[in-house]
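Quick notes on the structure that follows.
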Amino acid sequence: MAINLQKGQTIDLRKNDRGETFDLSQVTIGLGWDVKQKENGFLSKLFGGSNEEEYDLDVIAFLLDSNGKVANLGRDLTFSNGNKVGLHGGDVVYFNSMTYPSGTGTSNMLFPEGASKYTMQQKINQLLNNGELIVHTGDNLTGEGDGDDEQIIIKLDALPAKIEKIIFLVCIYQGISKNQQFGKVENAFIRACDKNNKEIAKYTLSNSPELENKHSLIFGETYRHNGGWKFRAIGEPLHTDNFVDILKKYVN
């Protein structure tokens, strides 16, 4: 049975206090959320004038070294049309660098819109079998539906020793300009499952005044400890809607 974490609580991922052990050769960090439904008045419903733009929440992972820094910022990836994206193939796993260590491609390149779950799972398995140690499973724009909205799959025991900690955060894309914020997001959670899909722990954020007018959230972190791995629930809301602003804190 999974442990329900409180903010700031830390647990061992391999073995809990109940004596249960978990296979960390492959760990899935799942994140989920729902957007509160806006109460519309009669005229709004009649004329359809109050439809709020869908939220686009992005999951990002920072891979930190022993100094608590992102050591490798990757490179620019240039497309045939001349457009570029940065931070590709480095120690930041996000929608434009979906795997570690290679980076591989963007979300749209790996998981095109409309791809079936079977096709996506086949691609994920292929990436993991071909040497990727971390795979981001793609961008769910709305958070609709039950279960995890996005996942980051990690071969935790196979990570190089230089990776000491992984921080998991979520940002609302263009949240400031669209007036979208975590105060309007509910049922937000982060959970960890082992290779056998056994849920190790889950941290659910209750509705809190501190989430109002915040557009990013550091959910949690996993880090090395005495030859194993621990997980800490953080739940730190931030005003910025751009993960690069947060990344600056972790760059030399």
Checklist entry - Can a cation-pi geometry be assigned to K230 and Y223, taking NZ or CZ under 6.0 Å from the six-membered ring centre and within 45° of the ring axis? => result no

Item to check | Donor-acceptor pair, side chain of S102 and main chain of T104, under 3.5 angstrom | outcome: yes

Checklist entry - Counting N and O atoms only, with roles assigned by atom type, does the side chain of T99 sit under 3.5 Å from a partner on the main chain of G103, one being a donor and the other an acceptor? => result yes

Checklist entry - Should the heavy atoms of other residues, nucleotides or ligands under 6.0 Å from CG of N130 be counted, would the total exceed 12? => result yes

Checklist entry - Is there a donor-acceptor contact under 3.5 Å from the side chain of H215 to the main chain of C171? => result no

Item to check | Residues which pass salt bridge (charged side-chain N to carboxylate O under 4.0 Å, His left out) with K7, listed by chain and number, not counting sequence neighbours | outcome: E210

Checklist entry - Which residues pass the salt bridge (charged side-chain N to carboxylate O under 4.0 Å, His left out) test with K155, sequence neighbours left out? => result none

Checklist entry - Are there more than 12 heavy atoms of other residues, nucleotides or ligands under 6.0 Å from atom OH of Y118? => result no

Item to check | Salt-bridge criterion met for E221 and R232 (N-O under 4.0 Å) | outcome: yes

Item to check | Closest non-hydrogen atom pair between L169 and I218, with its separation | outcome: CB-CA, 4.0 Å

Checklist entry - What pairs of residues pass the salt bridge (charged side-chain N to carboxylate O under 4.0 Å, His left out) test when at least one of them lies in residues 59-82, not counting sequence neighbours? => result none

Checklist entry - What is the ring orientation for F243 with Y94, classed by angle as parallel under 30°, tilted 30 to 60°, or perpendicular over 60°? => result tilted

Next on the checklist: Tell me if the CZ atom of F189 is crowded by more than 12 foreign heavy atoms within 6.0 Å.
Outcome noted: yes

Next on the checklist: Can you confirm whether I154 sits close enough to I29 that some side-chain heavy atom of one is under 4.5 Å from a side-chain heavy atom of the other?
Outcome noted: yes

Checklist entry - Going by an N to O cut-off under 4.0 Å, is there a salt bridge joining D157 and R14? => result yes

Next on the checklist: If you count every heavy atom of other residues, nucleotides or ligands that lies below 6.0 Å from K198 atom NZ, does the total exceed 12?
Outcome noted: yes

